[in-house]
Amino acid sequence: MPQITLPDGSTRQYDQPVTVAGVAESIGPGLAKAALAGRVDGELVDTSYTIDTDVKLSIVTDRDADGVEVIRHSCAHLMAQAVQRLFPDAQVTIGPVIENGFFYDFSFERPFTPEDLAAIETTMEEIVKEDLQVERSILSREEAVELFEKMGEKYKVEIIESIPGDEDLSFYRQGDFIDLCRGPHVPSTGKFKAFKLTKVAGAYWRGDSNNEMLQRIYGTAWPSKKDLKLYLQRLEEAEKRDHRKLGKQLGLFHMAEEAPGSVFWHPKGWRLFLNLLEYMRGRQEQADYIEVNTPDVMDRSLWETSGHWFNYRENMFTTQTEDERIFALKPMNCPGSVSMFAQGLKSYRDLPLRMAEFGKVHRYEPSGALHGLMRVRHFTQDDAHIYCTEDQMEQECMDVVTLVLDIYKDFGFEEVVIKLSTRPEKRIGSDEIWDKLEGALLNSLTSMNLDYVLYPGEGAFYGPKLEFVLRDAIGRDWQCGTLQVDMNLPERFDIAYVDENGDRHKRPVMLHRALFGSLERFIGILIEHYEGKFPTWLAPQQVAVLNITDKQGTYCTQVEESLKNKGFRAISDLRNEKIGFKIRELTLQKIPYLLIVGDKEVASRKVAVRTREGTDLGAMSLDAFCGHLQRDVSNYGRT
RNA sequence: GCUCGCUUAGCUCAGGCGGUAGAGCACUUCAUUGGUAAUGAAGAGGUCCCCGGUUCAACUCCGGGAGUGAGCACCA
């Protein structure tokens, strides 16, 4: 006699066990049709699931996120079924749900082509029309292995064998297709309304580059055609923000074949770069950092001491000189910083010592990893190393976290996710030290009441780390800042300070932190975040002064000079072109303010102000405009 | 590094069963001095990514390489 409580608090009584579909039907035919799955006491189940005790139930439809996930997961099965109908030799492996869609990996003798994709989509549509029932069944491990061996699905056999324990396994069958799966799935293949296969790519079996490469097909699926269309539009919008495209259009930088993964900064891009650097320098000075500079090329022995030679040798740029010494371009700033710390005797009175460096680092990244400014081989870190006592370590961590979160706000990044990565397998130092270090990061987060996501085993080889992931204007996540605590490098380099008792061998703790992370990457993120419309304080060019005819040229130049003298970045455009043409060009360059000057403005000693959004702020005196500009600049990018 | 695709004028891109190529914008010159997103005309501009091979002939076909794009793997 199950009594079922629905989400609205109402209850329903049934004389005998009832399925989720049965409940939906008893509520109404519309819901029965819309039901994709059920949530029974918090657990997602199929609509065919039978309820025989008192439970809380919600019927899952495509109006909730769970329902959309079920659609996507089932759509992966639908695609696999279509692939096997068209290509019986293709073996299935796995097909999970991902953000906005799904993929399925197949083992097949050749890569799939775009024509194959079209054919697969057509076959998927046919299977939707067939409206096949999706049936769940349970098999024992032995039966399952036997079944897949008979079908020649060796990857499935491998998956089953790797599932621990000896519990029974659930299977889903739709027509001639059966797959091992936890479920739940849609009740029938007629439920799909909008899907599209988006791309093909290679992917390693089990995500291991030592294994063979499988053929992966990506797809996206939505509750309605309209949702699918909106999604595809969003992709197009994102493409318009692509920093590589905007970087070219706005004349910020270029890359060349001779220097793969390295940036040629053009004047405007470099201005942006310097703006960020000067901003960070100011913030660090306020926070009692000192700034230093260390060599780019250093002897191999230094990297052996640091452990980088052992861990990352194949990703380092090296050079051998005539006398056969091997040098490496620094892939990190820490050994240089440690060497700086080791100069002269340090006292406990010097600690905490916050030593910053805008260090250019070179890493020989795998060619396939390179991506515009986001992943380069030559980049600049806003790096700093904080040397402190064990007692100071937690407070220093908290100060760094406070600083980084505040800095991100100046760019309009309010949503920041903190990742905590702990000791990896490949590491140096004792477990006791790792306990202390992980404890310090954890404690500083908890005492600041900050949420975090744990990434076990993802730390650096010398210490655990926090990573700051920010969400941009269109909801994409980017990892930028990092904070690592480290007692291992100080040990390896044998650095010390003198404590209050005159002990000359006290070991400092070392914090590694970068807040932008890589200046190059951060600029890439900003370009996409702002769609090239940098807030005024950052914009490489803040104001352009345009004359309508040659007659106002002198006045325009005076205005430009006057703005420059006040510290604003101004240009003038005195070309013999129509005013509409100049406005169009400079607006496309996304300059925040255009000052239009004709005879009227010259006569009244004013400027007519137009924003890049096309708003006419009217004519005003230059002083009034400077006031406006100053207020805009001092707001940074805060929202 | 792996899989698949791409590489033609400064930029965005057409093009052709193998017979050395074209548009728009930008550039130069001339005319035009025009009030809030494109004034008109003329001119100039190319080793069709690189190296080999096949061919009477290769930008086009074949092989190798580089760069780049989407994924995968990697990211101190």
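The shown structure was predicted, so the numbers you read here are calculated from the model rather than taken from an experiment. Throughout, a chain's letter reflects where its sequence line sits, starting with A, and its residues are numbered from 1.
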Need one value for [X]: base, sugar-phosphate or nothing, where a base atom within 4.0 Å counts as base even if backbone is also close, heavy atoms only.
{"X": "Thr549(A)", "value": "base"}
{"X": "Ile596(A)", "value": "base"}
{"X": "His371(A)", "value": "sugar-phosphate"}

Does a nitrogen or oxygen in the side chain of [X] sit under 4.0 Å from OP1 or OP2 of [N]?
{"X": "Arg612(A)", "N": "rA37(B)", "value": "no"}
{"X": "Arg244(A)", "N": "rA70(B)", "value": "yes"}
{"X": "Lys578(A)", "N": "rU36(B)", "value": "no"}

* Hey, would you say the Phe341(A) and Phe493(A) ring centroids sit under 6.0 Å apart? -> no
* Asked: Quick one: are the ring centres of His512(A) and Tyr462(A) less than 6.0 Å apart?
  -> yes
Nucleotide paired to [N] in any strand shown, Watson-Crick or G-U, under 3.5 Å:
{"N": "rU29(B)", "value": "rA41(B)"}
{"N": "rG34(B)", "value": "none"}
{"N": "rG46(B)", "value": "none"}
{"N": "rU55(B)", "value": "none"}
{"N": "rG71(B)", "value": "rC2(B)"}
{"N": "rG22(B)", "value": "rC13(B)"}
{"N": "rU7(B)", "value": "rA66(B)"}

* Ring stacking, Tyr218(A) with base of rG71(B), under 5.5 Å and under 30°? -> no
* **Flag, side chain of Asp299(A) to backbone of Leu302(A), donor-acceptor distance under 3.5 Å** => no
* Approximate separation, where rounding is to 0.5 Å, of Gln589(A) CD and Asp573(A) CG -> 11.0 Å
* To do: Kindly point out which of rG35(B), rU33(B), rC74(B) is positioned nearest to the side chain of Asp550(A)?
  => rU33(B)
* Structure fact -> Contacts of Gly598(A) and Ser367(A) projected onto RNA chain B by closest heavy atom; the upstream (5') one is Ser367(A)
* **C1' atoms of rC48(B) and rA23(B), separation to the nearest Å** => 16 Å
* What interatomic distance, in whole Å, is found between P of rG5(B) and the corresponding atom of rC75(B)? -> 28 Å
